[in-house]
2 protein chains.
Amino acid sequence: MAEQAQFEELARQLSAVGAVKRDMGRILPPDCPAGSAAVLTLLGRHGDMRMSKLAELLAVDMSVTSRHVGHVAARGWIERHPDPADKRSRILRLTPEGLEQLDELSRRTTHLLAERLADWTDEEVGQLIRLMTRLRASFGDCRSAPLRLPAPVVEETTRTPAST
Amino acid sequence: MAEQAQFEELARQLSAVGAVKRDMGRILPPDCPAGSAAVLTLLGRHGDMRMSKLAELLAVDMSVTSRHVGHVAARGWIERHPDPADKRSRILRLTPEGLEQLDELSRRTTHLLAERLADWTDEEVGQLIRLMTRLRASFGDCRSAPLRLPAPVVEETTRTPAST
DNA sequence: TATTGTTATACTCTATAACTATA
DNA sequence: TATAGTTATAGAGTATAACAATA
């Protein structure tokens with residue numbers, strides 16, 4: 001088990017990594033915001049799937065997924081086919097144009113990372129990937145398990161209260 | 001230098017880490033969204049500072065910083081003192097109430113991470129912190145250096161390689 | 001009655017641009 | 001003229017809730 005100071009530092013790093021994400025977002029092709037890029041990437045990796053499956057992989061609510069998918073479909077990058085096994089479902093599939101868009105995405109992100117991480121070794125990048133993957137796994141499907149808050153210590157603690 | 005497949009995977013992990021951040025955000029105290037928490041955390045760590053310095057640490061535009069600071073100041077968690085050396089500037093300082101709020105933040109995030117990362121070793125957490133820190137450093141202050149996009153492969157590459 | 005997916009609404013975070021007040 | 005900070009506006013991402021269609 002790690003120490004408290006480490007946890008605080010990790011929390012800080014998680015908060016700050018947003019800057020990196022935003023930097024990545026700036027190179028995305030027109031009409032293809034981060035949400036759309038994530039949809040294309042996951043469909044490219046895992047193949048055709050239903051909305052619910054995609055929402056799970058994206059780790060966002062299905063309403064959010066629906067919006068992203070709508071954006072992507074409106075541009076002809078994916079198609080939504082009815083699921084013969086369940087008429088409520090829709091099967092998502094990349095179109096050839098979607099594949100092209102995905103290739104363009106790969107080119108851009110790869111190029112950016114190659115530039116930014118020019119002095120990283122293969123092993124270092126691999127290690128970061130492994131740790132981030134594990135981090136996500138450790139949080140996993142906690143979206144249902146609200147977690148126990150530490151007893152709300154509104155009053156006396158280690159620190160003297162500001163007597164009002 | 002790492003391989004392309006690694007860069008794509010890292011991009012995916014960066015995109016997906018948002019789920020972890022959102023999970024962390026759900027435990028924040030009332031009236032204290034992530035932006036406010038970041039302001040308090042950085043002031044607690046680095047001590048009093050000016051807006052511009054805080055904006056740099058947050059790695060966001062100063063207009064964004066101004067909004068977050070306004071929110072935090074409105075709740076009495078920080079004070080904005082005039083800078084005697086430069087009347088355009090304002091020095092930010094945590095109040096005792098801000099310190100309490102910061103303690104509560106620490107408690108909650110520490111508790112959550114201790115729960116989620118119960119099976120992580122001290123060394124593993126430290127490694128993730130080091131790699132994320134380095135990642136941020138590698139991206140660094142690239143907000144000014146727009147970066148060269150890979151030649152827009154729409155038609156033939158009219159312009160190639162940016163020879164430094 | 002429960003589940004899949006969509007839509008409406010609201011909130012947070014962010015950047016750009018216009019503005020003020022100082023330097 | 002340039003810089004520090006504020007505010008207005010707009011865009012992206014997300015969650016909740018209400019809803020439709022089907023299981």
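Below, chains carry the letters A, B, ... as their sequence lines are ordered, and counting in each starts from 1.
Per the geometry, CE belonging to B:M51 stands 15 Å off C1' belonging to C:dT20, to the nearest Å. As a whole-Å value, the separation of A:L14 CG from C:dC13 C1' is 17 Å. One atom, NZ of A:K21, and another, P of D:dA12, lie 16 Å apart when rounded to the nearest Å. The CG atom of A:L28 sits 14 Å away from the C1' atom of D:dG11 (whole-angstrom rounding). In this entry the distance linking CZ of B:R90 with C1' of D:dT3 reads 16 Å, nearest Å. As rounded to whole Å, 12 Å separates atom P of D:dG5 from atom CE of B:M49. Separating the CG atom of A:L92 from the P atom of C:dT4 is a distance of 14 Å, rounded to the nearest angstrom. At whole-Å resolution of the value, CZ in A:R26 and C1' in C:dT16 are 12 Å apart.
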Protein proximity profile, nucleotides 17-23 of chain D - base contact B, sugar-phosphate-only contact S, no contact -, cut-off 4.0 Å on heavy atoms: B---BBS
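In this structure, B:E104 pairs ionically with B:R108, as a charged nitrogen and a carboxylate oxygen lie closer than 4.0 Å.
One axis for each end of the helix from C:dG5-D:dC19 to C:dA23-D:dT1, each built from five base pairs, and the angle between them comes to 0° at 10° resolution.
A search for side chain to side chain contact (heavy atoms under 4.5 Å, CB included) contacts involving B:K87 returns nothing, not counting sequence neighbours. Contacts of B:D86 classified as salt bridge (charged side-chain N to carboxylate O under 4.0 Å, His left out), with partners at least two apart in sequence or in another chain: B:R88. Listed by chain and number, the residues in a side chain to side chain contact (heavy atoms under 4.5 Å, CB included) with A:Q13 are A:E9, B:I129, B:M132, B:T133, B:R136 (sequence neighbours excluded). Take A:R67 and apply the side chain to side chain contact (heavy atoms under 4.5 Å, CB included) test, not counting sequence neighbours, and it matches no residue. Residues that satisfy the salt bridge (charged side-chain N to carboxylate O under 4.0 Å, His left out) test with A:R80, not counting sequence neighbours, are absent from this structure. The side chain to side chain donor-acceptor pair (under 3.5 Å) search around B:R90 returns none, not counting sequence neighbours. Among residues two or more places apart in sequence or in another chain, the salt bridge (charged side-chain N to carboxylate O under 4.0 Å, His left out) test is passed with A:E124 by B:R134. With sequence neighbours left out, B:E79 forms a side chain to side chain donor-acceptor pair (under 3.5 Å) with B:H81. In this structure B:S52 satisfies the side chain to side chain contact (heavy atoms under 4.5 Å, CB included) test together with B:R50, B:M62, sequence neighbours excluded.
Residues B:H71 and B:P33 meet the side-chain proximity criterion, which asks for heavy atoms closer than 4.5 Å.
Within residues 68-77 of chain B, the residues approaching DNA chain C are B:H68, by heavy-atom distance under 4.0 Å.
Taking only side-chain atoms of A:V64, from C-beta outward, the nucleotide of C:dA15, D:dG5, D:dA15 with the closest atom is D:dA15.
The side chain of B:R80 places an N or O atom within less than 4.0 Å of a non-bridging phosphate oxygen (OP1 or OP2) of D:dT6. Between A:S52 and C:dG5 there is a side-chain N or O to OP1 or OP2 distance below 4.0 Å. Phosphate contact (OP1/OP2 of D:dG13, side-chain N/O of B:R22, threshold under 4.0 Å): absent. At the phosphate of D:dT6, neither OP1 nor OP2 sits under 4.0 Å from any side-chain N or O atom of B:R67.
As judged by a 4.0 angstrom heavy-atom cut-off over every strand, B:S89 is placed among residues touching the sugar-phosphate backbone only.
Using modelled atom types and a 3.5 Å distance limit, the side chains of B:E97 and B:T95 yield a donor-acceptor pair.
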